[in-house]
Amino acid sequence: MTDIPKTYAPHDIEEKWYKFWRDKDYFHAADTSDKPPYSVVIPPPNITGSLHIGHALDNALQDVLIRWRRMQGYNALWMPGTDHAGIVTEIIMEKQLAAWGTSREELGREKFIERMWNWKDESRGTIIDQLEQLGCSCDWERERFTMDEGLSKAVRTAFVQLYNDGLIYRGEYMVNWCPNCQTAVSDLEVEPVEIDGNFYHINYPIKDSDALVEIATTRPETMLGDTAVAVHPEDTRYQHLIGKTAVLPILERELPIIADEYVDLEFGTGALKVTPAHDPNDYEIGQRHELEQVNILNPDGSLNENAGTKYQGMDRFECRKVLVEDLREQEYLIRIVPHPHAVGHHDRCNQIIEPYISPQWYLNVKPLAERSLEAARRGDVVFLPERETKRFYQWMENIEPWPISRQRWWGHQLPIWHCDACEELTVAVTPPSQCAHCNSKEIWQDEEVLDTWFSSGLWPFSTMGWPDETEALKTFYPTSVLVTGWDILFFWVARMIMLGLQCMDEVPFRHVYLHALVADEHGQKQSKSKGNAIDPVPTIHEYGADAFRFALVFSAAPNPYIALAESQIEAGKRFANKIWNASRLLLMHLDDFQPGQPTDLTLCDRWIRSRFNTTVETVTTCLEEFRFNDAAHTLYEFLWHEFCDWYVELIKQRLYYTDDPTAKHTAQAVASEILEGTMRMLHPIMPFITEEIWQRLPHEGESIMTAPWPQPQAAETDPKAEEAMQTIMDVIDGIRSVRGEMNVPPSSEVEIRIQAPNPETAELLTEHLEEYLPAFTRFSQISIAEHQEKPAAAAVAVISDNVIYIPLAGIIDIEKETDRLQKRLNKVLKELTGAQKTLDNPNFVDRAPEAVVQQKRTRLAELESEQEKLATNLEMLG
RNA sequence: GGGCGGGUAGCUCAGUUGGCUAGAGCGACGGCCUUACAAGCCGUAGGUCACAGGUUCAAGUCCUGUUCCGCCUACCA
């Protein structure tokens, strides 16, 4: 037992235990079991990605829940897997190809996809390995990938169902087009970014007159696609122009001047150029007035033939520059006014999005959203923290059709076949050999792929084998809780709820816990470019997985952001070391321990058992309520500041020196029992160190992972022991405080005289203090009596109605002692006045609960006693 | 424009349905290498809980307003 290293070295044990758990198959949850089910599906990380701190938090919390429920006796499934992450992954690959001097077009679709799969196979291990390093107890034999065969079938099945229900349709509308990625994206993928733009004021001549109308635009190049000018119908400035025709500068296209209430009288010049093909509002106006749509852009963002020969082929931003110069030269340009405004950027590549009309596939989510809202309102799914419910409602209530097609290659190809013969569509789960309408063999599959979030939306049931009716689905669906960051509530959580209700007729999870995003220690978002990101892997290496996990869980308050400082991880490491060393001490004195029930329990034994019992209750409640940080905090406080600071110190006497084998045995038994139980409670947060220590302690079973979660034992709650210990600890603190403040060196032995007017207190202190005190401070002799004479030149501490005298001849400084006591007295007086005032108020006595009043009275009496004793002693100092 | 969250110790943050003396980690200061731990131990200082009202016997906690910060959402060219 003495071969335990002095400091905790995480690396030596982490790998060992993880392998042990896996070999024992503890992570696996059976499809059928007598145990009640508990299930969580992992938010699948990008298969080609690596673990960042947000993942670390997310998965640490899931592992806490899973390990805890598993210990509670649930058949706990943590379903792992990865996501193909369509566009981002493809962009990274394209960059790599460019570096190799080639491109996806050059390779062709088939070769490109082949490369993607190779890359996927190579990099899969990275993120999985990182999750393992973190200690995640995922059921690895169930690992899934969004593009594996089963999940692909699920995607096609869901698509076909939705199509047959008339919810999927194709249409040519205005979409957010990313010229860089050359695909449509949904509203959610567009991030408005404030830029320092300009307002370009331009004169449009009125046909057959010298009059001009001044318009203002932030995107002058779109004028090449203008097909009207609009004013507000009640705008007196422009009444005379309505119905007339303006002439587009440069292209000289004729533009009807129309009246539309959309136009804001106050904004700009009040006259709006209308570009139905390149602005969502103008598109609507165009629909209302049956305006022509002139598309001036190619998919790559360059200008097409409709823009005129001069501008054709230019990129849109280059065109803007040239065009503005031309307008200036031809005296159409009036002025350029700086105008900061938000412009949509693609969240995956950060390039400016263009509104663009193109044929896309849409999912009409409105009916699914209504069902989801009903389910949420009924409480079938509960959001935590509660404020997230409102966000969910708000988004669901204002939901727009979801454009689900992407003009990319990496992803699930639409299960749609076009027929060259009859031009009808065949939509099927399995590839058809002929057209369903005319039986022609001249069919080909649509080249587009689905939005990645479509397959992610099926994740809670596709991973369990849907559309097959598997045992896993029967057992584990709906899952118990989904744990993820609030930033993907709409992207992912909302879609899973909609698709879960659609495909499974039941919400995918009962609870959604939306945790914080991790920021740095100053509340700044962590990002690689800022250089303030904490990288989990080196962090685990430096501090250990347990320390890192503890820091994450300890910080996981229900806030939108966590400011995680390196110092908190450091604190986690120190905590691990504390656990290690407390265990080390105990283990060094367990050589002769024969497991068995402790017999003669002393006061402190009963106290620590009672405190442990309370801790079990608190921690369990915290976890039930997803208050992870409170759970961690409670355990930290108990283990460090109660068990280590007091209990362990108190039993050293019995462990080291006693000749009484029963006394020693009791100390050994209680201490190991408490530590063992605490390790079990701490296991979900710090799995490795707790297993290592648990294995060395007396225990039942082969792993802490499968050991039962501690149950509160009502019989061990002992308020009397807690009260008595509290009194003793207060007295000890009083003595320590005097010594500390008077700078009495720890080595010097002082005399202690305690006046305890209450006979019960006097008896308690007489019985225990002499025994307990040596663990905390040195003294030559101690006397406890109901009355004491104050020795000359003594320092004084007042604890409730007890007075502690410490004669300090030669050390004591009258002035310093006077200051010290006066300061205490002031503090007491301040609180006393307040308490007196409260109790003098008849309304308080009448209306406050009896317990609160009684509490206040007790406190007042205590304060009066302290005040009196402090005053007397001050007087004696002269 | 609409909505949400926040302002508590030098820093980062806890503070369950209003009710004991507002707490923790880190940092600061003073003292200790006491055979589990200096990644430690002991002690000390530091807060008119953003501001102004209100409800209540009682407000960091509930309500109203003001202000500052952050975020989400939205079609102002």
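What you are looking at is a predicted structure, and each value in this text was computed from that prediction instead of being measured. Convention: sequence-line order gives letters A, B, ...; per-chain numbering from 1.
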Visitor: Are Tyr543(A) and Phe548(A), when compared by the centres of their aromatic rings, separated by less than 6.0 Å?
Guide: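 Between Tyr543(A) and Phe548(A), the centre distance exceeds or equals 6.0 Å.
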Visitor: For the base of U16(B), is there a side-chain donor-acceptor partner from Arg627(A) under 3.5 Å away?
Guide: yes
Visitor: Rounding to an integer number of angstrom, what distance separates C63(B) and G25(B) when you compare their C1' atoms?
Guide: 34 Å
Visitor: Out of Thr618(A), Leu639(A), Thr614(A), which residue meets the side chain to side chain contact (heavy atoms under 4.5 Å, CB included) rule with Thr634(A)?
Guide: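 The side chain to side chain contact (heavy atoms under 4.5 Å, CB included) with Thr634(A) is passed solely by Thr618(A) among Thr618(A), Leu639(A), Thr614(A).
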Visitor: Quantified in whole Å, what is the P atom distance between nucleotide A52(B) and nucleotide U61(B)?
Guide: 13 Å
Visitor: Can you see whether Arg739(A) engages Thr777(A) through a side-chain donor-acceptor pair at a distance of less than 3.5 angstrom?
Guide: yes
Visitor: Kindly determine whether Thr858(A) and Lys856(A) satisfy side-chain hydrogen bond (donor to acceptor under 3.5 Å, both in side chains), including the steps that lead there.
Guide: CA-CA 5 Å; Thr858(A) 311; Lys856(A) 210 44 150 189; over 6 Å; no
Visitor: Nearest of A36(B), U21(B), C4(B) to any side-chain atom of Asn581(A)?
Guide: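 Nearest listed nucleotide: A36(B).
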Visitor: Out of G30(B), A39(B), C76(B), which has the shortest distance to the side chain of Lys573(A)?
Guide: A39(B)
Visitor: For A39(B) and A28(B), measure between their P atoms and round to the nearest Å.
Guide: 14 Å
Visitor: Can you tell me the distance, in whole Å, between the NZ atom of Lys827(A) and the P atom of A22(B)?
Guide: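 After rounding, the gap between these two atoms is 9 Å.
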Visitor: With rounding to whole Å, what would you report as the distance between U67(B) and G40(B) at their C1' atoms?
Guide: 46 Å
Visitor: Would one find a side-chain N or O of Arg574(A) under 4.0 angstrom from OP1 or OP2 of C26(B)?
Guide: yes
Visitor: Under a 4.0 Å threshold between the charged nitrogen and the carboxylate oxygen, would Arg824(A) count as salt-bridged to Glu741(A)?
Guide: yes
Visitor: Is any side-chain N of the basic residue among Glu831(A) and Arg859(A) closer than 4.0 Å to the acidic one's carboxylate O?
Guide: yes
Visitor: Hey, which sits more toward the 5' end of RNA chain B by its nearest nucleotide, Ser583(A) or Pro560(A)?
Guide: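 Counting from the 5' end, the first nearest nucleotide belongs to Pro560(A).
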Visitor: Can you tell me how far P of A39(B) sits from OH of Tyr8(A), to the nearest Å?
Guide: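 Roughly 17 Å, once rounded to whole Å.
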Visitor: Heavy-atom nearest nucleotide on RNA chain B for Glu625(A) versus Lys823(A): which residue maps closer to 5'?
Guide: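 The answer here is Glu625(A).
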Visitor: If you compare all heavy atoms of Gly572(A) against all heavy atoms of Phe550(A), which two are closest, and at what distance to 0.1 Å?
Guide: CA-CD2, 4.2 Å
Visitor: State the dot-bracket string of RNA chain B. Criteria: Watson-Crick or G-U wobble, both atom distances under 3.5 angstrom; notation: ( ) intrastrand, [ ] crossing earlier pairs, | interstrand, . unpaired.
Guide: (((((((..((((.....[...)))).(((((.......))))).....(((((..]....))))))))))))....
